[in-house]
Amino acid sequence: MLSFFAALFPQQTTPPLTWLSRFVVLAICYGVLGFVGIQLANLSYGISLIWPPIGVAIALLLRWGLNLWPAIVIGGLGLQLLASDFSLLQAFILALGSALIIALHCAWLEKTGFDRRLEQVADMLRFVAIAIISCSAILALFGISLLIWIGRVPAADLITAWSSWFLGDLTGVLIFGLALLIFERQKLAVLFQLKNLLALGLMLVLSAEIFIFNQTGLGVALTLLPMICLLWIAMRTNLVVTSWVVLCFSSLAIYSVYLNAGIFATLANPTMGTWLYMASLGLVSLILSVSAAEARLNAELMRRAIAATKTGIWDLRLDDKMLFLNAHLLQNLGHGAYPRKQPLPEFNPLIHADDRVRLQQEVQAYLLGEKPQLKLIVRLQHQDGSWRDQQLEGAITERDLNGEPKRLSGTVVDVTEQQQLQTKLNTQAMTDELTAIANRRAFMQHLTLCWRQYQRDHRLAFYLILIDLDYFKKINDQYGHDAGDKVLQGFSQLISGRLRQTDYFARLGGEEFVILARAENKADILALAEQLRQAVSTLSFNVLTQPEFNISASFGIAGCAVNVQTAEELLQQADQALYQAKARGRNQVVYFKPDERSP
């Protein structure tokens with residue numbers, strides 16, 4: 001509560017002269033409109049059908065700032081002293097209490113994140129609940145309690161007097177407050193379009209007949225026609241226009257009560273009948289206007305987003321398999337620039353054969369509730385014959401009376417470039433940049449996969465050949481790192497060219513390489529390694545003016561066996577065999593033996 005009171009005394013940011021002029025305007029408007037309301041008072045105890053000051057006060061506080069609330073005290077005090085027989089103390093209590101109640105409700109609204117432009121239904125509902133209903137109810141309770149305290153209203157009439165006061169305040173906020181709160185000349189200009197002026201003119205003529213003249217004898221039947229005109233304006237324009245049209249409509253209704261004329265004059269309680277007709281129609285049309293405006297805004301934002309991103313839109317009727325495709329989807333595929341509606345079977349050939357069945361399965365699983373969302377990547381054929389990767393998303397947008405899906409709608413976004421980029425990145429992440437063969441990460445993933453296969457089926461046993469270039473550090477030291485890089489590249493090309501497609505060759509790091517290969521027996525894998533060793537020994541390099549030099553490599557081999565428990569253990573055995581090859585003088589092949597482990 002303290003934070004609400006603190007909001008009534010914010011730091012002054014408005015220029016003093018501007019603040020003072022606004023203060024005077026608010027005080028005068030509150031007092032003058034209150035005087036008009038008192039003159040129109042025709043309910044018990046001098047209570048008015050409509051009380052404009054509260055609406056004006058709320059609107060101006062929300063537009064200009066809460067620190068203007070003392071102006072309501074000044075305006076209310078002057079009003080009561082000039083237009084009523086209240087004492088100074090009574091007038092001050094009523095003015096101060098009313099000002100605080102109004103200001104605190106405005107602070108409450110701002111605390112909720114309220115946007116005074118009322119572009120969303122949520123803001124309209126906040127305004128109705130806090131400013132219209134809560135503020136009016138508490139003001140009425142405060143005012144009637146004061147009147148009972150000073151003996152103006154019998155305590156027995158509390159409910160009757162309170163309800164009359166409440167309805168008057170509520171109407172004042174709904175009609176006057178809302179129109180002033182959201183007023184913008186640019187938005188109001190829509191009213192002066194010919195079709196809207198015709199609707200407004202027709203509504204005012206019909207309203208005048210209903211509320212004032214009643215010359216046709218069709219007054220009761222005509223009550224629906226202004227409603228139609230007002231609702232049409234609410235649906236086709238905006239909230240600013242609608243609020244001012246409601247203000248004009250309500251002014252005629254109030255004037256009819258003052259004259260005691262029109263079709264409602266024959267009712268037992270003409271004032272309440274007019275109020276119910278006016279307030280209910282006004283409230284419904286205002287809420288409808290906000291809803292329609294928000295829907296139009298969302299549709300426009302969606303249209304612009306689709307246009308900016310060139311998002312494809314599809315819509316499928318499930319009963320007759322009729323498919324609608326928007327222009328962007330067809331443009332992305334090179335099939336024209338206009339929306340198209342066609343039976344689904346005619347579109348199926350554009351879906352890659354390998355993806356068609358998968359798409360049908362995904363859609364069916366989603367419709368049956370087996371999957372929470374419909375989202376997958378499929379290939380669609382471009383007009384030039386190429387296949388483009390498209391990310392398809394969809395959702396059920398309509399159901400029948402039994403709750404069964406009736407319509408599917410969604411988006412299609414071309415992700416070909418993203419997929420190509422992702423593939424490139426994945427390749428780079430698994431490829432050694434210098435030698436263009438698999439790197440350590442890729443090898444370890446492949447080793448893990450092959451080991452799992454071996455555990456399921458021992459017929460898929462394999463061997464690891466660990467290779468290390470002999471005296472590679474001396475090559476770098478003597479010939480330079482560029483020469484070392486050429487050696488690594490030449491070595492990799494040589495080995496790659498002599499391996500089978502089923503063999504897996506990778507660089508583990510530095511001058512260490514590995515081959516994962518399958519063979520019928522130990523003798524075959526030893527023969528392969530020996531062939532590779534001999535080939536490496538014949539490899540020679542030229543570095544600028546330096547004399548030609550040859551290289552050699554050491555090979556360590558280990559194979560899957562019953563006593564090997566993990567892939568890491570197998571790799572360690574190959575490393576130990578490589579260690580033995582280097583310890584025996586290098587440039588040779590050694591197969592792992594348990595009794596020859598490295599220290």
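Everything numeric in this text was worked out from a predicted model, so none of it was measured.
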- Query: Do the side chain of R388 and the main chain of L380 share a donor and acceptor less than 3.5 angstrom apart?
  - Reply: no
- Task: Evaluate whether atom CZ of R500 has more than 12 neighbouring non-hydrogen atoms of other residues, nucleotides or ligands under 6.0 angstrom away.
- Result: yes
- Ionic contact status for R296 with E300, cut-off 4.0 Å: no
- Message: Using a strict threshold of under 4.0 Å (side-chain N to carboxylate O), is an ion pair present between K406 and D400?
- Response: no
- Query: Do F443 and F505 have ring centroids that are under 6.0 Å from one another?
  - Reply: no
- CG (D354) and CZ (R356) are apart, to the nearest 0.5 Å, by 9.0 Å
- Message: Tell me whether R116 at atom CZ has more than 12 heavy atoms from other residues, nucleotides or ligands lying less than 6.0 Å away.
- Response: yes
- Task: Run the salt-bridge test on E512 and R507 with the 4.0 Å N-O cut-off and return the result as yes or no.
- Result: no
- Would you mind telling me which of E362, Q361, Q364 makes a side chain to side chain donor-acceptor pair (under 3.5 Å) with K371? E362
- Check L329 against I313 and note the closest heavy-atom contact, atom names and distance. CD1-O, 4.0 Å
- Query: How far does CG of L528 sit from CG of L499, to the nearest 0.5 angstrom?
  - Reply: 6.5 Å
- Item | Any donor-acceptor N or O pair under 3.5 Å, side chains H382, D384 | yes
- For residues 449-468, which residue pairs qualify under side-chain hydrogen bond (donor to acceptor under 3.5 Å, both in side chains), counting only residues two or more places apart or in two chains? D457-R459, D468-K582
- Message: Is there a side chain to side chain donor-acceptor pair (under 3.5 Å) between S540 and N550? Walk through the geometry before answering.
- Response: CA-CA 4 Å; S540 60; N550 295 84; 4.6 Å; no
Validation: residues 120-129 side-chain donor-acceptor distances under 3.5 Å, sequence neighbours left out:
residue, atom, partner, partner atom, Å
D123, OD1, D115, N, 3.3
D123, OD1, R126, NH1, 2.7

- Message: So for atom CD, which belongs to E548, do other residues, nucleotides or ligands contribute more than 12 heavy atoms lying within a distance under 6.0 Å?
- Response: yes
Let me check something: any side-chain donor-acceptor pairs from residues 471-480 under 3.5 Å, sequence neighbours excluded? List them with distances.
residue, atom, partner, partner atom, Å
Y471, OH, R586, NH1, 3.4
K473, NZ, D477, OD2, 3.0

- Task: First locate atom CD of Q572, then atom CG of D575, and finally report the distance between them rounded to the nearest 0.5 Å.
- Result: 8.0 Å
- Looking just at side-chain N and O atoms, do E530 and Q534 make a donor-acceptor pair shorter than 3.5 Å? yes
- Item | Close side-chain approach of S409 and F324, heavy atoms under 4.5 Å | no
